[in-house]
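In what follows, a structure is listed as C-alpha cells, so that the remarks can point back to it.
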Amino acid sequence: MYFYHHEAIWQRFPHLQALVMVLENVRSSIGKTPDLTATLATVSTVLAQTSESELPSIRAWRQVYTAMGLKPTQYRCAAEALLRRYRKEQQLPQLHPLVDALNAESMYAAIPIAAFDCQHIAEGIIVREATGTENYLSFQGETEQPAAGEIIFADAVEQAHARRWVFRQSALSAVSAESDTVLLVAEAMHEDAGNDLHRLQQRILARAEELGITVRQTAILCAQQKRFDF
C-alpha cells in the first residue's frame, strides 16, 4: 500500500510535512483504557491561556483553508474542532482506545491526526484534488460526491476517505472494534512542524506501547521524501 500527496499539493503548499505510521494488532487494545489525565490537564492549561485559533499550528491550517477558498471559521481542521469542543465541554466521548488516545494527542500537539482502517482502503491513499466523481460515506450513512477541486484523501477505486483535507474523515475507513491494521496521518504546515511532528511521533509510539499495539512502520514526509510505501 502507499500514502502520498499529489505533486500539485506540494506545489501549492511547499511547507507541508506529514507524520505517517502503520499500526498493527490494534484489536488488542479493545478493553484497555489509555491514561489521558496528564495530557488532558496540559490541554486544559493551554486553553485557559490562549484561544485554540491562536496556536501556531492552527493558525497555519486556517491560512490553508483560506487559500482553498473556504471560511476557516466554517470549516475547521480536525484538531481545532477537537480543541474547541474540549474547551467548551472539558471532555470528549469515548469511542475506541486508540481513537481516544489519538484525539488527546491531537489536541496536545494541536495537529490533526487521521486514522484509517487499512482493510477498507483500496491499494493506498493519495491526497489530491477531487475530480467530482469520487464517493464519500458520511457518518450519517449518506453518500456524497466532493466537488471538483476539493482536496480529498482518495484511494484507487475513487473512494474519498476524508473531505476538505483534514476536515472530516469517511465512515468507510473509520477505526472500529474490528480494525487491526491502521494507517495514521498527521499533517502540519507551521514553522516548527518538523520538530512538533517528531515529538508527536514519540508520544504516539508510547501510546501504542501502552495499548499493546505494534508500530510496523513510521516516517515523516516532506519535500525531500514525499512517498510512504507499506
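Minimum heavy-atom separation, A208 to V215: CB-CG2, 3.7 Å. The shortest heavy-atom contact between L197 and A186 is CD2-O, 3.7 Å. Scanning all heavy atoms of the two residues, the minimum distance from G212 to S28 falls at O-OG, 2.8 Å. P34 and E210 get closest at one heavy-atom pair: CA-OE2, 3.3 Å. Shortest non-hydrogen contact noted between A104 and T39 is O-CG2, 3.7 Å. Here the closest heavy-atom approach between residue S179 and residue A174 is recorded as OG-O, 4.0 Å.
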Could you please spell out the steps behind the side-chain hydrogen bond (donor to acceptor under 3.5 Å, both in side chains) verdict for N25 and T214?
-> CA-CA 6 Å; N25 305 316; T214 302; 2.8 Å; yes

Determine, step by step, whether V127 and Y4 satisfy the side chain to side chain contact (heavy atoms under 4.5 Å, CB included) criterion, reporting the C-alpha distance in whole Å, the side-chain angles of both residues, the deciding distance to 0.1 Å, and the verdict.
-> CA-CA 6 Å; V127 182; Y4 65 93; over 6 Å; no

Does the side chain to side chain contact (heavy atoms under 4.5 Å, CB included) test come out yes or no for M1 and L183, once each step is laid out?
-> CA-CA 10 Å; M1 302 185 79; L183 171 67; over 6 Å; no

List the steps and the verdict of side-chain hydrogen bond (donor to acceptor under 3.5 Å, both in side chains) for T218 and Q201.
-> CA-CA 8 Å; T218 181; Q201 181 184 50; 2.8 Å; yes

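Pairs of residues two or more places apart, or lying in two chains, that qualify as salt bridge (charged side-chain N to carboxylate O under 4.0 Å, His left out) and include a residue from residues 27-51 are R27-D180. Listed by first and then second residue, the side chain to side chain donor-acceptor pair (under 3.5 Å) pairs involving residues 93-105 are E105-R203, E105-R207 (not counting sequence neighbours). Within the structure, the side chain to side chain donor-acceptor pair (under 3.5 Å) test picks out the following pairs touching residues 55-74 (sequence neighbours left out): R62-E80.
The shortest distance between side-chain heavy atoms of N135 and L172 does not fall below 4.5 Å. Residues I9 and W165 have side chains in contact (heavy-atom distance under 4.5 Å, counting atoms from C-beta outward). Contact check for R85 versus L82: no side-chain heavy atoms found under the 4.5 Å cut-off. A 4.5 Å side-chain heavy-atom check between F228 and L221 finds at least one atom pair inside the cut-off. Looking at M68 and F13, their side chains come closer than 4.5 Å, going by heavy atoms from C-beta outward. The side-chain heavy atoms of L200 and I204, taken from C-beta on, include a pair separated by under 4.5 Å.
Counting non-hydrogen atoms of neighbouring residues, nucleotides and ligands closer than 6.0 angstrom, the CZ atom of R164 exceeds 12 such neighbours.
The CG atom of L47 sits 12.0 Å away from atom CZ of R84, with the distance rounded to the nearest 0.5 Å.
Checking side-chain atoms of S170 against main-chain N and O of Y136 turns up no donor-acceptor pair under 3.5 Å. No donor-acceptor distance shorter than 3.5 angstrom exists from the side chain of S173 to the backbone of H161, with no hydrogens or angles considered. In this structure a side-chain-to-backbone donor-acceptor pair under 3.5 Å is present from S106 to I111. Judged purely by atom type and a 3.5 angstrom limit, E24 has no side-chain atom pairing as donor or acceptor with the backbone of T181.
Y86 and I113 sit in two unconnected hydrophobic clusters of ILVMFWY residues. Membership requires side-chain heavy atoms under 4.5 Å apart, directly or through other members. When the side chains of ILVMFWY residues are joined at heavy-atom separations under 4.5 Å, either directly or via intervening members, L19 and L16 end up in two distinct hydrophobic clusters. Grouping the Ile, Leu, Val, Met, Phe, Trp and Tyr side chains by contacts below 4.5 angstrom, directly or via other members, places I151 with F116. Side-chain heavy atoms closer than 4.5 Å link hydrophobic residues (I, L, V, M, F, W, Y) into clusters, and following such links, even through other members, never connects V26 to F230. Hydrophobic clustering of Ile, Leu, Val, Met, Phe, Trp and Tyr side chains at less than 4.5 Å, counting indirect connections, unites I58 with V46.
Salt bridge status for R163 with E144: present, with a side-chain N to carboxylate O gap under 4.0 Å.
Evaluation of the salt bridge (Lys or Arg N to Asp or Glu O under 4.0 Å) rule for R128 yields E134, E158 as partners, not counting sequence neighbours. Applying the salt bridge (Lys or Arg N to Asp or Glu O under 4.0 Å) rule to E123 yields no partners; only residues at least two apart in sequence or on another chain are considered. Residues passing the salt bridge (Lys or Arg N to Asp or Glu O under 4.0 Å) test with E209, sequence neighbours excluded: none.
Under 3.5 Å, the side chains of H5 and E187 contain a donor-acceptor pair of N or O atoms.
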